[in-house]
Amino acid sequence: MDVLASTDELLQFIVNEDIYSETVIFKTIYWLAPIASFDILKFPPKSFLITARPNTASFSEEIKKEIEIQLRKGLVDFKVRDLINQETSSVRSMIIAKAFDNDGFLDIEPQSQISDPIGFDPTR
Amino acid sequence: MKNIISNTYSRKFRGISTFESEAESIYFLLPFKFHSISIDREVLVNEIGDYLIVPQGTAKAIVHREIDFSSNLYRDLVANFFISPTPVPELLNVISTRYRTKKKSLGSFTSLHIFVVTLRCNHSCHYCQVSRAAESKSEFDISYKDLDAGINHMFLSPSEELTVEFQGGEPLLAFDKVRYAVERIQLLNEDFKKEISYVICTNSTILNDEILLFCKNYNILISTSLDGPAFIHNANRFKSGRASYDLVIEGIDRTRQALGHDKVSALMTTTALSLKYPKEIIDNYVENGFGNIFLRPISPYGFALKNQKKNHYQTAEFLDFYKQGLEHILNLNAQGVFFKEDYTSIILQKILTPFTENYVDLQSPTGLVSSVIVFNYDGFVYASDESRMLAEIKDYTFQLGHVTQPYEELFLGDKAKQILNNGVAECLAGCSDCAFLTYCGADPVLHYATQNDMQGHRAFSIFCKKNMEIIRYLFEMLDIRKGYVESTFQSWIHKPAA
Amino acid sequence: MMELRSKGKPLSFTQPIIGRITYGLAAESSILIDHSLDNTDVSDGYLAVLTKRSVTTHLSPIIHSIPSIQPLSEGDVIMMLPNGIIQTLFRVNSLDNTLFTTDRCNSNCLMCSQPPKDIDDIEYYYNVNHQVISLIPSTTEIIGITGGEPTLLGKRFFDMISHINRKLPATTIHILTNGRSFAWKNFTTRFESVNSSNLVLGIPLYSDYYLDHDYIVQASHAFNQTVLGLHNLASIGARIELRVVLHKLTFKRLPELAKFIFLNLPFVEQVAFMGLEYTGYTPHNDKLLWIDPLEYADELDIAVTYLNNNGINVSIYNHPLCLLPKPMWRFSVKSISDWKRHFLPKCDSCLVKADCGGIFATSRKVSLNINPQ
């Protein structure tokens with residue numbers, strides 16, 4: 001993330017869209033709504049432009065610093081959350097579907113082996 | 001189909017490395033969330049509410065597959081369902097059963113039925129939104145017809161356990177209605193055979209032998225209001241004639257003698273005045289023989305309703321009050337006084353056990369309608385106690401209809417659906433990624449009242465601000481003050497207060 | 001299996017005989033202990049006879065010339081083997097009776113006190129146990145079922161439980177199983193049809209981490225199968241006691257295991273932490289397993305306290321009190337059978353000997369830190 005502009009009325013950041021998706025950016029700025037208002041624009045060829053404007057008359061230096069810190073941390077954290085969500089969405093669906101499967105339609109028998117030398121078979 | 005009997009078998013002992021090499025050399029993620037709890041620590045929480053407190057950056061390291069297979073952390077992560085050696089965990093059934101247990105409230109539907117039998121009251125508390133002192137009887141008491149209709153609705157609830165709560169105003173000013181309702185419910189229950197418990201929420205100032213005998217006969221619990229020492233209680237709860245505090249303490253003593261010590265509980269309302277005196281309020285509860293207190297935040301309903309700034313300021317003040325109070329309570333426990341804080345216990349039950357607590361504010365999907373319903377004195381039906389407070393300032397958003405309407409129209413109607421659809425935290429912006437989701441809830445009434453929107457914006461939400469900080473604080477305590485604090489917390493979860 | 005045996009000279013039988021000891025009451029299934037001194041044939045009305053005398057001819061089965069007959073009570077059930085060995089199968093005055101069902105096992109625990117054998121002995125033991133069950137009094141308080149792994153009996157497992165349910169409706173049945181077979185729903189469903197509130201399953205769990213458990217029981221997938229089995233059993237309302245053996249491979253994660261149990265298996269009736277019995281495979285695996293109990297006191301303390309705080313019943317079995325931190329004493333149970341419980345000479349001066357779990361008589365190695373209190 002790079003700082004493009006930083007004035008008392010405007011803060012602009014450039015974020016590489018290959019690294020941070022639109023979802024990750026929106027989830028990050030959601031939490032910053034009390035201290036600034038945001039616009040997100042495509043910034044060709046491969047970036048997003050994040051513009052922050054003050055909720056009051058102008059930004060103080062502390063608020064500007066705060067926004068930058070929160071953005072950097074938020075992007076990293078929400079990217080991690082996004083990766084987890086993507087990788088686990090199907091397992092989460094299975095957990096929830098099975099949780100409310102009252103009739104046992106989704107029961108899975110163990111796929112593992114049982115090792116009895118004489119040949120006991122628990123499924124028979 | 002795979003043959004489940006292994007034919008490669010020998011009784012020669014195999015080393016641990018043999019077992020390790022049989023396992024996958026990669027791991028798969030299971031759904032989990034994380035949240036920073038201090039400068040250098042973060043908490044990982046899985047889909048079923050189990051947690052691990054770890055160094056900052058651990059979540060990132062897990063996702064980037066940087067966890068050493070031979071480390072204890074790797075074992076912790078597998079054993080606690082954060083990662084799995086197989087794409088679909090072999091213990092999926094176990095995880096699902098645990099998820100189901102955490103969402104247990106969904107299975108039973110409405111259990112708490114609140115009957116506002118009258119709005120009349122002998123107090124004029126400055127924080128009260130609803131009471132009407134000294135009004136004519138007929139106008140502000142519930143009618144027998146509406147009472148009957150409410151009772152009939154209650155028995156249509158699929159829940160096997162029902163709690164009937166009588167509220168007011170001061171419900172004992174309409175004791176005839178309370179008596180009528182209890183006797184009618186008892187009679188009908190001879191057929192329905194549900195497990196029913198009764199609570200009367202009273203200021204305890206007009207209890208007499210007749211009422212207490214009645215309570216004894218039907219095993220009715222008394223829930224009274226006690227705001228702390230006399231100088232706070234009387235300032236909050238104004239009553240003409242004798243001071244409220246003396247009357248309440250007398251009432252509590254009398255009730256305990258008649259019904260037993262554990263049949264009386266007390267509820268505290270926090271006001272701007274209370275915020276300065278957490279220790280005094282708690283000590284007052286201890287002195288009066290209570291084993292628990294519920295440190296409740298200032299109700300945003302009424303005066304401060306849509307003043308965001310003031311609400312947030314008060315939330316910060318409340319959190320200080322809560323933390324001082326909690327610290328004081330932990331000190332009491334260290335001195336051998338068993339005393340617990342109820343809100344903390346509810347959250348801890350969710351954090352430290354595989355079970356959950358059906359507390360309406362901390363339920364997702366929301367417990368409004370599906371756990372609690374209010375039959376108001378005028379026959380109108382509301383989703384919660386707070387909902388009828390809104391109605392007193394002419395906002396009927398959470399009015400489900402009139403008690404004379406059919407069950408389906410009230411409990412499964414469009415209003416009920418709208419409330420429910422806005423009350424699933426798993427689907428709310430800001431909540432869906434939150435590590436504390438499993439412990440928290442959605443509160444459509446509060447968000448509507450403070451933000452004009454049932455879903456609300458989390459960054460502006462006093463509900464979110466309060467719960468995030470309380471839960472974070474509890475995790476920090478569990479992390480750095482383990483030992484004694486953790487075993488005290490465990491005792492709060494498992495031991496009854498009385 | 002009872003280790004009390006006597007041996008004498010067999011006569012007039014070629015197949016094992018199972019019967020009930022009597023000192024005089026004649027009945028179809030009675031085995032008379034004959035203390036008479038003359039050489040008359042006393043077989044009339046008895047299934048068989050045991051005697052110290054020397055006998056040359058006898059109409060009914062007899063074991064004679066027994067140098068010393070172990071103390072047997074009226075009603076005890078014994079088996080007479082064609083090689084002259086007398087095996088006690090059931091003692092009416094004991095609470096430690098077990099039915100041994102098989103030497104087979106699908107696990108191969110590093111610390112097994114009774115190492116399994118890969119033989120098909122199920123029908124043999126089933127027949128023996130079937131007769132024993134028919135002969136023991138219906139007032140019997142408790143009977144254990146052990147092996148090997150009893151669920152490997154398959155159909156015979158359920159047959160045996162229903163037979164006990166029928167013959168001994170008031171008797172508590174305590175089954176020691178690794179629980180793995182219950183991971184399969186249909187096995188648990190079949191079990192449900194014979195389950196009762198008198199039945200308790202003792203199931204071992206050695207770690208919260210699957211590979212550690214699998215390694216200790218020497219069977220891949222065992223952990224997941226056992227945990228799934230525990231959940232299936234809970235869903236049919238089975239009574240479960242979890243068993244954790246304390247040794248070098250289990251002690252480090254005891255606190256984590258305790259947490260796993262409360263969070264994932266809160267339905268168990270009891271968790272038993274058990275001292276290591278130094279016999280069977282254990283001496284062979286001494287280097288892997290042996291640790292002085294004093295060295296795991298902290299981990300055990302944390303685990304026991306956690307479970308107890310969370311409302312789970314905890315017991316410590318097979319453990320001398322002097323090797324436990326004092327706050328743990330109240331959890332200690334004298335679980336070693338009287339005939340297996342042993343004390344050191346220095347224990348005689350100990351003030352708490354009467355309350356002590358003692359050590360296994362079969363244990364060939366004991367802690368050097370045992371000291372009178």
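Protein chains get the first letters and strands the later ones, always in sequence-line order, with residue 1 at the start of each. Since this is a predicted model, take the numbers as computed values, not measurements.
Taking a cutoff of 4.0 Å between a charged side-chain nitrogen and a carboxylate oxygen, B:Arg472 and B:Glu476 qualify as a salt bridge. Salt-bridge annotation for B:Asp479 and B:Arg41: present, with a side-chain N of the basic residue lying under 4.0 Å from a carboxylate O of the acidic one.
Using a 30° and 60° split on the angle between ring planes, B:His35 and B:Phe436 fall in the tilted class, from 30° to 60°. Aromatic ring orientation, B:Tyr439 versus B:Phe475: tilted (interplanar angle from 30° to 60°).
B:Cys434 does not touch chain A: none of its heavy atoms, backbone or side chain, sits under 4.5 Å away. Using a 4.5 Å cut-off between heavy atoms, B:Phe34 touches chain A through backbone and side chain atoms alike. Only the side chain of B:Pro89 comes within contact range of chain A, with heavy atoms under 4.5 Å apart. Contact of B:Ile48 with chain A is not made at all, since no heavy-atom distance falls under 4.5 Å. Contact of B:Lys60 with chain A is made through backbone and side chain together, with heavy-atom distances under 4.5 Å.
Counting heavy-atom pairs under 4.5 Å between each of B:Ile95, B:Leu92, B:Asp433 and chain A puts B:Asp433 at the top. Ranking A:Met94, A:Glu109, A:Lys98, A:Arg81 against chain B, the residue ahead of the rest is A:Arg81, based on heavy-atom pairs under 4.5 Å. Ranked by non-hydrogen atom pairs under 4.5 Å with chain A, the options B:Ser84, B:Pro87, B:Gly430, B:Ser432 are led by B:Gly430. Chosen from A:Lys79, A:Lys73, A:Arg92, the residue pairing most often with chain B at heavy-atom distances under 4.5 Å is A:Arg92.
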Residues 56-65 of chain A side chain polar contacts: donor-acceptor under 3.5 Å, at least two apart:
residue, atom, partner, partner atom, Å
A:Ser60, OG, A:Ile63, N, 3.2
A:Glu61, OE2, A:Lys64, NZ, 3.2

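Checked by atom type and distance alone, the side chain of B:Glu42 pairs as donor or acceptor with a backbone atom of B:Ala59 at under 3.5 Å. The closest donor-acceptor contact from the side chain of A:Asp82 to the backbone of A:Phe78 lies at 3.5 Å or more, if one exists at all.
Contacts between residues 83-91 of chain A and chain B, counted as heavy-atom pairs separated by less than 4.5 Å, involve A:Leu83, A:Ile84, A:Asn85, A:Glu87, A:Thr88, A:Val91. At a heavy-atom cut-off of under 4.5 Å, chain B is reached by A:Lys27, A:Tyr30, A:Trp31, A:Ala33, A:Pro34 from residues 11-50 of chain A, listed in order of number.
Across every non-hydrogen atom of A:Ile108 and B:Asn93, the tightest pair is O-ND2, 3.8 Å. Across all their heavy atoms, B:Ala442 and B:Ala425 have their closest contact at CB-N, 4.1 Å.
For B:Ser105, the side-chain contact (heavy atoms from CB on, under 4.5 Å) partners two or more places apart in sequence, or in a different chain, are B:Asn358, B:Gln363.
Atom CZ of B:Phe355 sits about 14.0 Å away from atom NZ of B:Lys350, to the nearest 0.5 Å. Summarising the geometry, atom CG belonging to B:Leu29 is positioned 13.0 Å from atom CG belonging to B:Asn46; distances are rounded to the nearest 0.5 Å. For the atom pair B:Asp50 CG and B:Asn80 CG, the distance stands at 6.0 Å (nearest 0.5 Å). One distance of note links CD of B:Gln455 with OG of B:Ser461; it measures 12.0 Å at 0.5 Å rounding.
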